[in-house]
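Treat the numbers as computed from the prediction; the structure is a model and nothing was measured. Counting from 1, the numbers follow the sequence of the chain as shown.
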Amino acid sequence: MRQICRTNWIWSLVFLIFASCSSASVREPEVIPAVDPLCTRNVESAVLELQRGINMLRNSRNNQGIITDRDLSDVAHNHVLTLAASGSIGHMDNVGHTPIERLEQSGLRRRFVAENVARFEDTAYPGRTVLRYWWERNQEGENMIHSRYRRMGAAFAARDGFCYAVLILTD
């Protein structure tokens with residue numbers, strides 16, 4: 001009798017393992033819905049909103065307006081992607097290059113360079129949000145209105161519910 005019980009128990013165990021393995025191989029992959037970050041839905045509009053806000057601040061202090069430079073925006077874009085991928089904020093890229101070194105690697109030479117970086121909760125209005133952050137809560141706001149800066153490049157990226165922003169200012 002014990003021999004039969006042991007045999008039945010072993011066959012039950014084998015069946016259970018087989019059933020588990022076969023059902024695991026038949027399972028459909030879990031579908032994870034794509035996340036559509038708000039801050040990167042319309043980056044051009046966000047950059048324009050940021051530029052308009054900076055120019056309003058500059059005009060209120062009788063400073064010349066700032067223009068968006070495509071090459072600077074490309075450098076900003078590369079850095080903001082690095083920041084979002086690492087989940088951190090800083091002026092150095094992942095190999096230790098400063099903003100000036102990143103510009104030089106892109107073939108750009110400027111006398112004056114400033115960079116503002118930020119990480120904030122995802123929003124449908126990233127240009128407005130980051131402008132307010134830099135101006136009201138951060139010392140980097142002064143960079144935006146300084147008269148020596150005449151060109152800007154800006155970029156936004158999103159990761160894990162956060163928006164990352166980089167603004168590069170040059171002469």
Side-chain angles (χ1 to χ4, degrees), residues 32-171:
I32 300 171
V35 177
D36 184 14
L38 297 172
C39 80
T40 55
R41 284 186 183 168
N42 191 344
V43 173
E44 288 180 21
S45 176
V47 170
L48 185 60
E49 183 177 42
L50 177 59
Q51 180 188 9
R52 284 182 182 152
I54 291 171
N55 282 334
M56 285 177 58
L57 291 169
R58 291 171 71 95
N59 290 339
S60 70
R61 284 153 183 80
N62 296 320
N63 288 339
Q64 183 180 5
I66 198 164
I67 61 169
T68 301
D69 182 293
R70 183 73 189 145
D71 293 331
L72 292 176
S73 292
D74 289 344
V75 174
H77 178 75
N78 291 336
H79 189 52
V80 81
L81 291 179
T82 300
L83 296 178
S86 69
S88 65
I89 279 296
H91 296 289
M92 303 286 235
D93 65 11
N94 55 358
V95 291
H97 294 125
T98 65
I100 293 171
E101 292 169 331
R102 291 195 309 274
L103 285 176
E104 288 174 351
Q105 287 177 341
S106 297
L108 303 173
R109 296 227 183 255
R110 299 290 191 263
R111 209 169 44 173
F112 301 111
V113 178
E115 182 180 65
N116 293 4
V117 295
R119 175 183 147 168
F120 50 96
E121 287 187 25
D122 192 19
T123 175
Y125 304 102
R128 186 181 316 161
T129 301
V130 78
L131 178 70
R132 187 177 310 123
Y133 169 75
W134 283 326
W135 184 248
E136 293 176 1
R137 295 183 236 161
N138 195 301
Q139 72 273 11
E140 294 180 324
E142 290 296 317
N143 292 341
M144 299 183 299
I145 61 166
H146 201 290
S147 61
R148 70 176 159 206
Y149 302 119
R150 304 201 184 268
R151 297 177 179 282
M152 67 171 258
F156 296 89
R159 179 180 178 210
D160 298 334
F162 288 97
C163 185
Y164 294 79
V166 172
L167 172 68
I168 298 176
L169 303 159
T170 66
D171 52 332

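Of the possible polar contacts, none joining the D69 side chain to the M152 backbone as a donor-acceptor pair under 3.5 Å is found. Between the side chain of E101 and the backbone N or O of T98 there is at least one donor-acceptor pair closer than 3.5 Å. In terms of modelled atom types and a separation under 3.5 Å, the side chain of Q51 and the main chain of I66 share a donor-acceptor contact. No donor-acceptor distance shorter than 3.5 angstrom exists from the side chain of E115 to the backbone of P99, with no hydrogens or angles considered. R58 places a side-chain N or O within donor-acceptor distance of the main-chain N or O of Q64, the cut-off being under 3.5 Å. In this structure, N59 contributes its side chain and N55 its backbone to a donor-acceptor pair below 3.5 Å.
Heavy-atom contacts from other residues, nucleotides or ligands closer than 6.0 Å to CZ of R109 number 12 or fewer. The environment of CZ in R52 is sparse: at most 12 heavy-atom neighbours from other residues, nucleotides or ligands sit within 6.0 Å. Heavy-atom contacts from other residues, nucleotides or ligands closer than 6.0 Å to CZ of R110 number more than 12.
With a 4.5 Å cut-off on side-chain heavy atoms, F112 and L169 do not count as touching.
A distance of 7.0 Å separates OH of Y164 from OG of S86, quoted to the nearest 0.5 Å. Distance check: Y149 OH to L167 CG gives 10.5 Å after rounding to the nearest 0.5 Å. Atom CG of L57 sits about 5.5 Å away from atom CG of L131, to the nearest 0.5 Å.
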Walk me through whether V166 and N116 qualify under side-chain contact (heavy atoms from CB on, under 4.5 Å). CA-CA 6 Å; V166 172; N116 293 4; over 6 Å; no
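When each of V47, I54, L48 is tested with L50 by the rule side-chain contact (heavy atoms from CB on, under 4.5 Å), just one qualifies, namely I54.
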